[in-house]
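Could you have a look at this structure, given as structure tokens, before my questions?
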Amino acid sequence: MTTPTTFRAETRAWLEENCPPAMRTRMPEEEQVAGGKRAEYIRPEQKIWLDRMAAKGWTAPTWPKKYGGGGLTAEEALILDEEMQDLGCRAPLRGMGLSMLGPTLLEYGTEEQRQTHLPKIISGEIRWCQGYSEPGSGSDLASLSTRAVLQGEHFLVNGHKIWTSNAHLSDWIFCLVRTDPTVKKHDGISFLLIDMDDPGVRPRPIKLISGKSVFCETFFENVQVPASHLVGQLNKGWTIAKRLLEHERKGIGGIGARQQAKFELPPEAVAKMHVGEIDGRIADPVIRDHIAAYSIDAHAFQLTRRRAAEEAESGAPPGPLSAMFKYYATELNKRRYEMLLEGEGFQGLGWEGEGFSEDELRFTREWLRSKANSIEGGTSEIQLNIIAKRVLGLPD
Amino acid sequence: MTTPTTFRAETRAWLEENCPPAMRTRMPEEEQVAGGKRAEYIRPEQKIWLDRMAAKGWTAPTWPKKYGGGGLTAEEALILDEEMQDLGCRAPLRGMGLSMLGPTLLEYGTEEQRQTHLPKIISGEIRWCQGYSEPGSGSDLASLSTRAVLQGEHFLVNGHKIWTSNAHLSDWIFCLVRTDPTVKKHDGISFLLIDMDDPGVRPRPIKLISGKSVFCETFFENVQVPASHLVGQLNKGWTIAKRLLEHERKGIGGIGARQQAKFELPPEAVAKMHVGEIDGRIADPVIRDHIAAYSIDAHAFQLTRRRAAEEAESGAPPGPLSAMFKYYATELNKRRYEMLLEGEGFQGLGWEGEGFSEDELRFTREWLRSKANSIEGGTSEIQLNIIAKRVLGLPD
Amino acid sequence: MALILNEEARMVRDTALEFFRERSPIVALRKLRDDNDPDGFDRALWRQMAELGWTGFLVSEDHGGSAFGLTGLGQVMEAAGRTLAATPLLSTALIGASLLELAGTPDQKDEHLPPLVAGERIFALALEETARHAPLTTTTRADSAHRITGTKRFVLDGHIADYLIVAASDGLFLVDANARGVTRTRTIMVDSRNAAIVHFDNAQAEPLGSLSHLETVLDRARACLAAEMLGSSSEAFDRTVQYLKDRKQFGVQIGTFQALKHRAAQMFCEIEVTRSAVTAALSALDENANDAAALCSLAKAKANDTIFLCGNEGVQMHGGIGMTDEHEIGFFLKRARVAQATFGDSAFHRDRYAALMGY
Amino acid sequence: MALILNEEARMVRDTALEFFRERSPIVALRKLRDDNDPDGFDRALWRQMAELGWTGFLVSEDHGGSAFGLTGLGQVMEAAGRTLAATPLLSTALIGASLLELAGTPDQKDEHLPPLVAGERIFALALEETARHAPLTTTTRADSAHRITGTKRFVLDGHIADYLIVAASDGLFLVDANARGVTRTRTIMVDSRNAAIVHFDNAQAEPLGSLSHLETVLDRARACLAAEMLGSSSEAFDRTVQYLKDRKQFGVQIGTFQALKHRAAQMFCEIEVTRSAVTAALSALDENANDAAALCSLAKAKANDTIFLCGNEGVQMHGGIGMTDEHEIGFFLKRARVAQATFGDSAFHRDRYAALMGY
């Protein structure tokens, strides 16, 4: 067995040799790699980097080797992460397959389901999206009404999902569907894997206030899904759904962590640029005070994520504290963009075209996009409900 | 009829002639005059000033002349108030008779009750206190359990009230009592006037965190109350109670207004003293910014009280907007003391004895006392509930 | 200082509310945006506004106006704020008219005010040079022949203006926007309203009085912009409260949830105190009161914080649907950011308020 | 930097929690206050603490200590914070011991450290001269014969100290608290803890090294005070959550009200992130890490804001009963105010943090 020190040294050497220089730069949103059949690689290095990492299983460092994962311990995975951050390596692959479905299949899937899907997630061959919310079921997710009726060897699925992230670019979708409408709402839900090649599945992009379309509405019309694509037991999908949400919250709670902080302009740098500096300090003491207040909270939160990582036994599921991370991380990220725009002054008000730098325009869009952080993956209000109930034990 | 201009001139002249110089100074808490049989006048001018104002009915400027009130219009009362503020005249008399019971008797009392009680309130002869809350009935006031049983010509009262302000110094108490325990909680409450000379009424002062005892617990043991002391109809006391609460909120909403702003040290002056100044400005820009943020809110709120006064038709009852005034005024007052203590630094941490000025010690006590502002007279949470329900029409 | 509107001002308000609701709902702004409209505003609408007399509220009767005053114009702007109408009210009816009235020569007034009142001539104030509101510092200068050189940014309505009023180090100047040496670049803003960067390279100008008028007019602009922001805040809030009543989750209206109720009640309070500050500032300006400047900073600071609150809570309480471009609530959030920065953000006005109050 | 406690530190924490809960509950502070106890602390309790080794956590083994370190002392202080125990931990076990260890001569260490560790000698730092924490400015001075003249205020444990450590313009000095020329006036503080004003009038002193050690020791004090404040915040919060479960109004536990739930959940989050900051600061000090100073300002700034929140929300959520002297929740509010001001309020530490971070 390698010691942590050896592992760190070996990892470092491997990364230095294998991570192309172009993949050690700030990653614009449009250069994020999410894989799938329709993946487009703006730069050839993206694909090279993905393939090299996937070959080692390091797109999914802690997943078992038998499915193509890295088989690392939690400690080794942390070392890999730290070394990648230190070198500024981009994440070779992202997506809901890695962050949500994979851990769920590892916990609840059949061996066949794992063997079918995990390797393709790890390699980036298949891109997944999430079919949870519906127009009438947002915070009250369990009230969902998309129907799946078991007919022999198939489910027949009809319904309408919303906020299916990048559904138009995805190959498969994991869905919550109602399989028994006659019982209490939590007791009639199942968790299905659906191939989006079926012509009955129609995603339609939604334009956001940021001008981007990262979400879709997705319509299901008489979609036939093999019964073997059911994860867990029939009508027991809610348990799986909640666990998957914990993974989602934990993922969102890591906002900023994975964003290669190395390449990000911190609010203080932006303020220095636009407000000016005196003796190396932001010239306006009030703006400086606001930024320090934000940065202190952000720093303390970053330490809290580290503390939680140290506390967590390897492989332990995220649990209700994930609600705290989701809540705090998203509220912080919104504050961060408010700070950035406050620092930029008039230069933070541009939408497109002349008069603004690329970063300035990007910040404006990202500022608007950040407003969704406290809505998607369970609103801040839902997270606070969860903390109150499940952590503090306050009564319903 | 006198014009407003004439009224202002005459009022000014009368005040200048009749308000003793000693009554144009900052009024320490212990020099507030609340009247009653046990009243003690630290300075003779307090009694002279009270008697002169009472003789004109100006302790209750808008109450009808026939009860000894001033008979002024709302506009004239505002002019009187402005001129008193301008000269720095102390309020000659304060208390729950003037601010709460009087308006309630004018709306709901019998002619006999008005003739009996209003003149003695106006003259300061009788001091009143309020018997509303009970240990088990705070925000949920209507759940009160102090019982009054009608036996022939008398009610027999037994129970336990709390937060009866200065009950140990008061002569009479107006009380909410349960007269029918068999119906819905709001439908079995009556409003009674009780003479505290009865030996069955026992007030016991409560020491607050500020070290002062302005509230009592009051115990009622087989107290006999003549049936004629019932205000309004039997079991219809809740309507009266709610209206009286509106008067209370409106009164509390005026915090700061009547505090003779003229003599108060504003937070900026305190900050200049302890933080220092540069070119006439508070030396620390961050503290300056905090104080300006508070002062802007306080100023905007003061304008809102004026606007509401202008909007109100004379004599119109306060209504649900009183909840906003109560909420905003008390939260502001708490902030004001936080600002003061922030400005004072170490000098804001004294309790008694050497090392601190009188003002500094007073501010510390008042800071602690201010924490009750958002609890007494209905908590801030209750006020927000009222606004949401009765102003915004949000559903239960 | 009057804190309630008189009969005339109420009539103006009611007319304006109906006008914008009917002729310039938010869909009009969306259309200007999606069509990449080169003007960025609706000239026909502007002429109708002129016909209603709003362009002449700050112009004397001698020049075709009504001198109705700031309180009246504030009502119009508050109504415009409710539908986020993109108009040159601020640049032209307020700033242009005010500077010409206060600083213009009789000839300048005769030449410019009648077409301004008629809605046929647009003005823009070329003021800012840095990324933040800094009215007292300018490096733009005029030579002895009144030729202007310098660069101005965030010039509201700059690219559609017929005349530019330039704040230079030695006074105010009037420049034909199409004169030689003037280069205008429209900037596309997040609120889909008009602004431009304007370069002056020895552009011929004529003097328009001293810089001393600038602060007076900026205070007018701050108060009226605060009125517009109050309108936008109120509308965002009203829509949000309605959504809390309409949207059901967990089998009940989401407006039954106490945490949302309390936040809504707090927003209500903030809007109410902002309204008082705005009304007081407008009234103080009309009366030339001593505390007008402090009240204008008060109004702008409160309006800034309140529109921030209402825009953000509006989107959050609308949930996912509030994040879509299709829904209108997001337009308020975008407008909020630009309005907050215009003519002084909250920190600027807190500092100015403190200075005016003697600390 | 370790963010979780090792086995030894956990044992210290558990021992300390039990110790203070049993031997110094809040009623002990109340008694000291109500009896106008001249010492303002319990000497017997202090000796028991010494027996447990806590006074020697920052003292080397040569002088009877264990050099267990800041993380250990932080656990003790956090536990003390839970019951608001009034002890000379900060003045003596932390500041006194640290300054003697870092700045003392071998003779001074030999003379003072053993009785300090034994709980038989109390030290106090005479630092502040103005109304705000300003460690770098002092007008107190020593003449060539080491005679001190000046006035110090807010000297924690000043009136019970056996020796005073004085920050003068030309270095640190050790003064016998009963020496001629030393006048001590105990000040009665809102938190019922000990402080004094100390006048020095040509009081004989001996040098205790340069001022350069002061900042190091102040950072230790800030981190450990932050640990104490974390304990107080946690306890106030726990009691408040319990009250939300116990108190019934409208026929239900008030903890069912969503607005209170959300505020409680937000407090929980703030306490959690404060805990991380405190643990990181203590660990960084123990490791002499480069970022220790920034982490100490981080910890104190967060602890300030969190104890403010928990103290105020604690009283508000307890309602009327929370305003009574009889109930203990108000003691947290009072302690919060003093602790916030001690060794730098939030504005001080935000500014320092920004400076250390390069802006």
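Below, all heavy atoms of this structure are taken into account, side chains as well, without hydrogens, waters or symmetry copies. The chains referred to below are lettered A, B, ... by the order of the sequence lines, with proteins before strands, and numbering in each begins at 1.
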With a 4.5 angstrom heavy-atom cut-off, could you sort out which part of A294(C) is near chain B: side chain, backbone, both or neither?
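The answer is neither part of A294(C).
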Counting only non-hydrogen atoms closer than 4.5 Å, can you tell me which residues of residues 388-396 of chain B sit against chain C?
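Near chain C, by residue number: A388(B), V391(B), L392(B), G393(B), L394(B), P395(B), D396(B).
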Residue part contacting chain C, namely of I291(B), when any heavy atom lies under 4.5 Å
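Both backbone and side chain of I291(B) come within 4.5 Å of chain C.
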Do the charged groups of R12(B) and E82(B) touch, with an N to O distance under 4.0 Å?
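No, no charged N to carboxylate O under 4.0 Å.
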Largest heavy-atom contact set with chain B, pairs under 4.5 Å, which of C269(C), A354(C), A299(C)
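Maximum pair count with chain B is reached by C269(C).
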Y353(C) versus chain B, the contacting section by heavy-atom distance below 4.5 Å:
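The side chain, not the backbone.
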salt_bridge(R10(C), E7(C)) N-O dist < 4.0 Å:
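Yes, this pair counts.
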Looking at R307(B) and E311(B), is any side-chain nitrogen of the basic one under 4.0 Å from a carboxylate oxygen of the acidic one?
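Here E311(B) pairs with R307(B) in a salt bridge, since their nearest N and O are under 4.0 Å apart.
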Contact leader toward chain B among G358(C), A301(C), A277(C), where contacts are heavy-atom pairs under 4.5 Å:
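Max contact count across the listed options: G358(C).
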Using non-hydrogen atoms and a 4.5 Å limit, figure out which bit of A280(C) sits close to chain B: side chain, backbone, both or neither.
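Just the side chain, heavy atoms under 4.5 Å.
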Sort by residue number and list every member of residues 236-263 of chain C having a non-hydrogen atom under 4.5 Å from chain B.
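The list, in residue order, reads F237(C), V241(C), L244(C), K245(C), Q253(C), G255(C), T256(C), Q258(C), K261(C), H262(C).
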Centroid-centroid distance, F343(C) to F348(C), less than 6.0 Å
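No - the distance between ring centres of F343(C) and F348(C) does not fall below the 6.0 Å cut-off.
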Does this structure show an ion pair linking K300(C) with D345(C), if we count only N-O contacts that are shorter than 4.0 Å?
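No, no charged N to carboxylate O under 4.0 Å.
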Test item: M267(C) and M317(C) side chains (from C-beta on) under 4.5 Å apart, heavy atoms:
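Counting from C-beta outward, M267(C) and M317(C) do come under 4.5 Å.
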Check whether the side chains of S276(C) and T279(C) place a donor and an acceptor atom closer than 3.5 Å, and report yes or no.
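No.
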Please check this pair: side chain of N304(C) against backbone of G344(C), looking for a donor-acceptor N/O pair closer than 3.5 Å.
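Looks like yes, one N/O pair under 3.5 Å.
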Are the side chain of D279(B) and the backbone of R281(B) linked by a donor-acceptor contact shorter than 3.5 Å?
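No; zero donor-acceptor contacts below 3.5 Å.
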I'd like to know if K326(B) pairs up with E248(B) as an ion pair, taking the criterion as any Lys NZ or Arg NE/NH1/NH2 lying under 4.0 Å from an Asp or Glu carboxylate oxygen.
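Salt bridge absent between K326(B) and E248(B).
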Would you mind reporting whether L73(C) and L282(C) have side-chain heavy atoms less than 4.5 Å apart?
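A side-chain contact is absent here, since even the closest heavy-atom pair is not under 4.5 Å.
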Taking heavy atoms only and a threshold strictly under 4.5 Å, list by residue number the residues of residues 375-385 of chain B that touch chain C; give 'none' if the list is empty.
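Residues in range: E381(B), L384(B), N385(B).
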Chain B contacts, top residue of R275(C), M357(C), H349(C) (heavy-atom pairs, under 4.5 Å):
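Highest number of pairs under 4.5 Å: R275(C).
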Judged by modelled atom types alone, do S374(B) and T330(B) share a side-chain donor-acceptor pair under 3.5 Å?
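Judged by distance alone, the side chains do not pair up.
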For the residue pair A77(B) and T62(B), what are the closest heavy atoms and their distance?
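That would be CB-CG2, 3.6 Å.
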Is there a side-chain hydrogen bond (donor to acceptor under 3.5 Å, both in side chains) between D305(C) and S346(C)? Walk through the geometry before answering.
CA-CA 7 Å; D305(C) 294 348; S346(C) 293; 2.7 Å; yes
Quick check: under 4.5 Å, non-hydrogen atoms only, which of residues 266-278 of chain B neighbour chain C?
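Within residues 266-278 of chain B, the residues under 4.5 Å from chain C are E268(B), K272(B).
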Is the closest side-chain heavy-atom distance between K371(B) and K334(B) below 4.5 Å?
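Touching, per the 4.5 Å side-chain cut-off.
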Is there a donor-acceptor pair closer than 3.5 Å between any side-chain N or O of R288(B) and the backbone N or O of I282(B)?
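Checked: pair present.
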Steps toward side-chain hydrogen bond (donor to acceptor under 3.5 Å, both in side chains) verdict (S283(C), T71(C)):
CA-CA 6 Å; S283(C) 169; T71(C) 297; 5.4 Å; no
Is N6(C) atom CG crowded by more than 12 heavy atoms from other residues, nucleotides or ligands, each under 6.0 Å away?
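Count over threshold, so yes.
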Between the main-chain N or O of P285(B) and the side-chain N or O of D289(B), is there a donor-acceptor pair closer than 3.5 Å?
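Flag not set: sc D289(B) to bb P285(B) has no pair under 3.5 Å.
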